There are 2 protein chains.
Amino acid sequence: MRMTARPQNVHQARLLRLLRDEGPRSRAELGEVVRLSRSKLAVELDRLVELGLVEGAGLAASRGGRRSGIVRLSPRLRFVAFDIGATSIDVAVTDGALEVLGHVSEPCDVRQGATVVLDRALDLLGKLRDEGLIPQVHGTGIGVPGPVSFRDGMPVVPPIMPGWDRFPVRDAIGQELGCPVLVDNDVNLMALGELHAGLARSVDDFLLVKIGTGIGCGIVVDGAIYRGVSGSAGDIGHIRVDDDGPMCACGNAGCLEAFFGGAALARDAEAAARSGASPQLAQLLEAHGRLSGEHVATAAAAGDPAAVQIIREGGRHVGQVLAGLVSFFNPGLVIIAGGVAGLGHTLLAEIRSVVYRRSAPLATGNLPIVLSELAGAAGVVGGARLISDHVFSYS
Amino acid sequence: MRMTARPQNVHQARLLRLLRDEGPRSRAELGEVVRLSRSKLAVELDRLVELGLVEGAGLAASRGGRRSGIVRLSPRLRFVAFDIGATSIDVAVTDGALEVLGHVSEPCDVRQGATVVLDRALDLLGKLRDEGLIPQVHGTGIGVPGPVSFRDGMPVVPPIMPGWDRFPVRDAIGQELGCPVLVDNDVNLMALGELHAGLARSVDDFLLVKIGTGIGCGIVVDGAIYRGVSGSAGDIGHIRVDDDGPMCACGNAGCLEAFFGGAALARDAEAAARSGASPQLAQLLEAHGRLSGEHVATAAAAGDPAAVQIIREGGRHVGQVLAGLVSFFNPGLVIIAGGVAGLGHTLLAEIRSVVYRRSAPLATGNLPIVLSELAGAAGVVGGARLISDHVFSYS
DNA sequence: GGGTCTTTGTCCTGTGAGTGGCGAAAGTTT
DNA sequence: AAACTTTCGCCACTCACAGGACAAAGACCC
C-alpha cells in the first residue's frame with residue numbers, strides 16, 4: 001500500500017491549511033494571500049495535484065478579465081476521529097475541510113479496557129466504511145477521557161480508565177488503519193474543535209471548560225493546544241474551592257468536582273428529591289431510579305426552584321475557580337461545554353456573574369463567556385483538526 | 001547617527017542568540033550546531049563581523065588538526081535595563097551575553113509619575129555612562145510594576161502607578177536613547193531573567209511567583225513570556241482564597257494579597273507585636289515605628305514562634321492558590337521570588353507541602369518548587385534578555 | 001461584431017544564492 | 001620527517017526562483 005501523501009515543503013503545507021480553513025479559492029486569490037511568485041505558486045499547486053491532495057474545480061467568476069481556475073482540496077481526502085468518552089464512543093469521518101460526512105455514536109463504558117473499547121470503535125468505523133464514505137484514510141485523531149502523553153501517543157495513569165495505562169493507542173490504531181494517528185485528551189480535542197468550527201475561530205488564546213462526568217479545561221495558546229510538561233495541563237477538576245466542602249474521590253475535601261462533577265450533581269439532585277425540596281426531581285427519580293444532570297436540566301426548565309438552586313450553586317463554584325484562572329491566564333474567550341452545557345443560561349449567568357465580579361478588571365474587560373454551540377461534534381471535529389494539522393504540516 | 005546594527009536573516013539571528021547563550025564558540029563547533037554548509041556559515045559570520053556584532057577571538061585548541069577560529073559577540077555590544085519597582089529603580093548595563101557590567105539602584109516612589117521617575121532612571125544611566133561602560137546602546141528593556149500593553153509599549157490602567165496610564169514609555173525612552181526599546185511588566189522580566197541566568201535555563205514552561213508589595217506571576221510558555229490577550233496574564237494577587245478572609249483594597253474579600261501582600265504582612269506583624277504574641281516583633285516595631293516582611297524574616301530567623309506562624313499561614317495561602325495554578329498549567333518548575341523570598345525555607349516548605357498535597361499528582365510528579373537565586377538581578381537581566389531577544393531576531 | 005483593455009496562466013531565461021569538491025594551511029601522531 | 005587529521009578559503013556547478021514576454025480568455029466600448 002502506498003503511504004498517504006504529505007506536503008513536500010512549508011509552502012504546500014500552508015496552501016493546504018488555507019484551503020482547509022478558507023475553502024476553495026481561485027489561483028489568483030491564493031497568489032494574493034501567500035507570498036509566492038506566480039511561477040512558484042503554479043509549481044507547488046501542480047505538485048499538490050500530482051500528490052492527489054488538491055484538484056481543480058472549474059473556473060471562478062471573472063474579475064474583469066480571463067477567469068481564474070478554482071482550486072480545492074481533493075474530495076477524496078478523509079480524516080477519522082475517535083472520541084472516546086467515559087461512557088460513550090463517537091466515531092466520525094470528515095473530508096479535507098473537516099466537514100463531518102458521517103458520525104456514529106454508541107454508549108460504551110471506557111472501563112472495559114483499551115482492547116475492547118478500541119475494537120468497538122473500529123467496528124463503528126467499519127459501519128461508516130460500509131457506507132462507502134471512506135476511500136482512503138489520511139489520518140486519525142483520537143481523544144480519550146484522561147491524561148495523555150502526547151509524545152508517546154498513550155494514556156498515562158488515567159484515573160477513570162483502568163486497563164489503559166500506557167496502552168500504545170497511537171501505534172495500535174496506526175498499525176490497524178495504516179495512517180498517521182495522534183492521541184490527545186478529549187477536552188483538548190473539544191477545544192480544537194471550537195477553534196476550528198466553533199466560537200473560537202478568531203481567538204488565539206482561550207479556555208474551554210468541560211463539565212461532565214469530570215471537569216476539565218482545554219487551554220489554547222497562540223492557536224495551539226498547551227499541554228504542559230507532562231501532558232496534564234487543564235486538569236482543574238480537583239482545584240480547591242472550599243476547605244469545608246464535600247469529600248472528593250481524590251482524597252481531598254472541597255474539590256470542584258466534589259461540588260459539581262457528574263456524581264456530585266446526581267447526589268445533590270437525589271438529595272433534593274428525597275428531602276421533598278423538589279417534587280419534580282422526586283418524580284423523575286421515581287421514574288428512572290436515579291438522577292443525572294439531564295434530569296436537573298429538565299426540572300429547572302420546568303421551573304423547579306430546587307433544581308435551579310442546584311445549578312446556581314454549581315455555577316457559583318465553577319465561577320470561583322474560573323475567576324482565578326481568568327485572572328491568571330487572561331484568555332480572549334471562555335467556552336463552557338459538556339453535558340452540563342444543557343443546563344443553559346441559568347448556569348452561564350451564574351458563572352458570568354462570579355467571574356466578572358472576581359477576576360481582574362483588565363482580564364474581564366472584553367471577555368465573552370459562552371456556551372458551546374457544537375454539542376457532540378466538538379470532540380470529533382477537534383480530533384480531525386488535530387491530525388489534519390499534523391498531516392498538513394512540513395517539518 | 002547610524003542605526004544600531006541588526007541581523008539580516010534568520011541564520012544570523014540564530015547565531016547571535018547561540019553566541020549569547022552558549023558563549024564564544026569556534027567556527028567548527030558552530031558548523032556542527034547550526035544546519036548550514038561551511039561556505040554559508042562563513043559568509044554569514046563575515047557579514048556579522050562587518051556589522052560589528054561579532055568578532056574573531058583567537059584560535060581554539062586543536063581537535064587533532066588545524067585549530068579553528070573562535071568567534072564571539074562584539075565586546076562593545078551593550079544592553080540597558082530599567083527595572084522600575086513600586087519603591088525603587090534599578091538600572092543596569094550588560095554586554096551582549098547579558099553579563100551585568102554595571103548596576104545602580106536607588107529608592108524611588110513610582111507614584112511620582114512617569115516623567116519624574118523616568119528622568120531619574122536616565123540620570124542613573126548617566127552615572128554608568130560616565131564610568132565609560134557604554135560605548136553604544138543596542139537596546140533597552142524596561143520593567144514597570146503594573147499591567148502593560150506590550151504592543152503599544154505603555155502601562156494600561158496600572159493600579160499602583162498614578163500618572164503612568166498610557167504614558168508612551170517605549171517611545172519616550174526610544175527617542176531619548178536612540179535605540180530599540182521594549183516595555184513589560186516587571187514580573188515578566190524576572191521570569192525572563194530566571195530563564196536566562198537562573199534556575200529555569202533548561203525549562204520551557206514554568207511559573208515565577210513574585211511576592212512583594214503585590215503578588216504576581218510570570219508565565220513562560222515554550223521559552224517565551226505569555227502575556228494573555230490584554231497583557232494582564234499572571235495577575236494572581238486577587239485570586240480568591242477564602243470568602244471569609246480579610247477585605248482587600250480591590251473591594252473583594254479574601255484575595256491572596258489581602259492575606260499575604262506587603263500590607264497584609266505588615267498588618268499581621270504589627271498585630272502580633274501589639275497583642276504581645278511576639279516580644280521580638282514588638283521590639284522591632286518600637287525600634288522602627290512600623291514593620292515589614294524583612295522584620296518578620298529577622299524575627300523568624302531568631303526563632304520567634306509568632307513570626308514563624310505568620311510565614312506559615314502566608315505560605316499556606318500562597319500554596320492554596322499555587323496548587324490550583326499548578327494543576328491548571330502543569331509547569332516544569334515554580335520559582336518563588338520577591339522581597340518575601342527572604343523568608344526562606346519556612347515559607348518554601350509550607351508552599352511545597354500544600355502544593356504537593358493539593359495538586360494533581362501528574363502535575364507534581366517531578367515539579368521542583370524553589371526560591372530564586374538571582375536576588376535583585378533577575379529584573380534587569382530579564383530586561384536585557386527581553387530586548388536582546390528582539391534585537392537578535394529577524395522577522 | 002470588431003477592436004481594445006484587463007486579467008490569468010504558461011513558458012522561458014537570467015540571476016543569485018548555496019552546495020560541495022579541491023587543495024592549501026596548520027596541527028598531531030608515530 | 002612522513003603520514004594523517006582538521007580547518008578554511010576558493011571556485012565552479014547546480015538549482016530554485018523571480019519576473020518578463022506572450023498567449024488565452026473574458027469584459028467593455030463603440
Side-chain angles (χ1 to χ4, degrees), chain A residues 5-16 18-19 22-74 393-395, chain B residues 5-19 22-51 53-74 393-395:
Chain A
R6 293 281 293 274
Q8 301 160 334
N9 60 43
V10 287
H11 303 302
Q12 294 183 10
R14 167 113 189 268
L15 288 168
L16 289 171
L18 212 60
L19 291 172
E22 315 274 327
R25 276 283 179 284
S26 75
R27 301 169 92 96
E29 284 176 306
L30 284 175
E32 289 162 13
V33 175
V34 301
R35 203 58 190 156
L36 295 175
S37 68
R38 290 191 311 283
S39 358
K40 181 150 179 61
L41 176 61
V43 168
E44 298 301 355
L45 284 175
D46 285 350
R47 290 204 185 126
L48 286 172
V49 171
E50 239 172 76
L51 289 170
L53 293 170
V54 155
E55 65 175 35
L59 297 174
S62 167
R63 298 198 296 185
R66 175 175 172 176
R67 296 164 66 191
S68 184
I70 289 184
V71 152
R72 69 170 174 215
L73 291 177
S74 163
S393 74
Y394 181 83
S395 51
Chain B
R6 293 281 293 274
Q8 302 159 334
N9 60 43
V10 287
H11 303 302
Q12 294 183 9
R14 168 112 190 269
L15 289 167
L16 290 171
R17 286 199 297 269
L18 211 61
L19 292 172
E22 314 274 327
R25 276 282 181 284
S26 75
R27 301 169 92 96
E29 284 176 306
L30 285 175
E32 289 162 13
V33 175
V34 301
R35 203 59 190 154
L36 296 174
S37 68
R38 291 189 309 282
S39 346
K40 181 151 178 63
L41 175 61
V43 169
E44 299 301 355
L45 284 176
D46 286 349
R47 288 202 187 129
L48 286 172
V49 171
E50 240 172 77
L51 290 171
L53 293 170
V54 155
E55 65 175 35
L59 297 175
S62 167
R63 297 198 297 186
R66 175 174 171 176
R67 297 165 65 192
S68 183
I70 288 184
V71 151
R72 68 170 175 214
L73 291 177
S74 163
S393 75
Y394 181 84
S395 52

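Side chains are part of it too, since the values below use all heavy atoms of this structure and drop only hydrogens, waters and symmetry mates. Labels below follow one simple rule: chain letters A, B, ... track the order of the sequence lines, proteins then strands, and each chain is numbered from 1. All values derive from a computational prediction rather than experimental measurement.
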message: If I take atom CD in residue A:Glu29 and atom P in nucleotide C:dT7, what distance separates them, rounded to the nearest angstrom?
response: 14 Å
message: In the structure I gave you, are the side-chain heavy atoms of B:Val33 and B:Glu22 within less than 4.5 Å of one another anywhere?
response: no
- prompt: Within a strict 4.5 Å, meaning less than it, do heavy atoms of the A:Leu18 and A:Arg25 side chains meet?
  reply: no
message: I need the A:Leu51 CG to A:Asp46 CG distance, nearest 0.5 Å.
response: 11.0 Å
message: Test of understanding: with side chain to side chain donor-acceptor pair (under 3.5 Å), list the residues that count as partners of B:Arg63, not counting sequence neighbours.
response: B:Glu32
Base-contact (B) and sugar-phosphate-only (S) positions in nucleotides 8-24 of chain C, heavy-atom cut-off under 4.0 Å, - elsewhere: BSB-------SBBBB-B
field: Length of the line joining B:Leu59:CG and D:dT7:C1', which is rounded to integer Å
entry: 10 Å
field: Derivation and outcome, salt bridge (charged side-chain N to carboxylate O under 4.0 Å, His left out), residues A:Arg47 and A:Glu50
entry: CA-CA 5 Å; A:Arg47 290 204 185 126; A:Glu50 239 172 76; over 6 Å; no
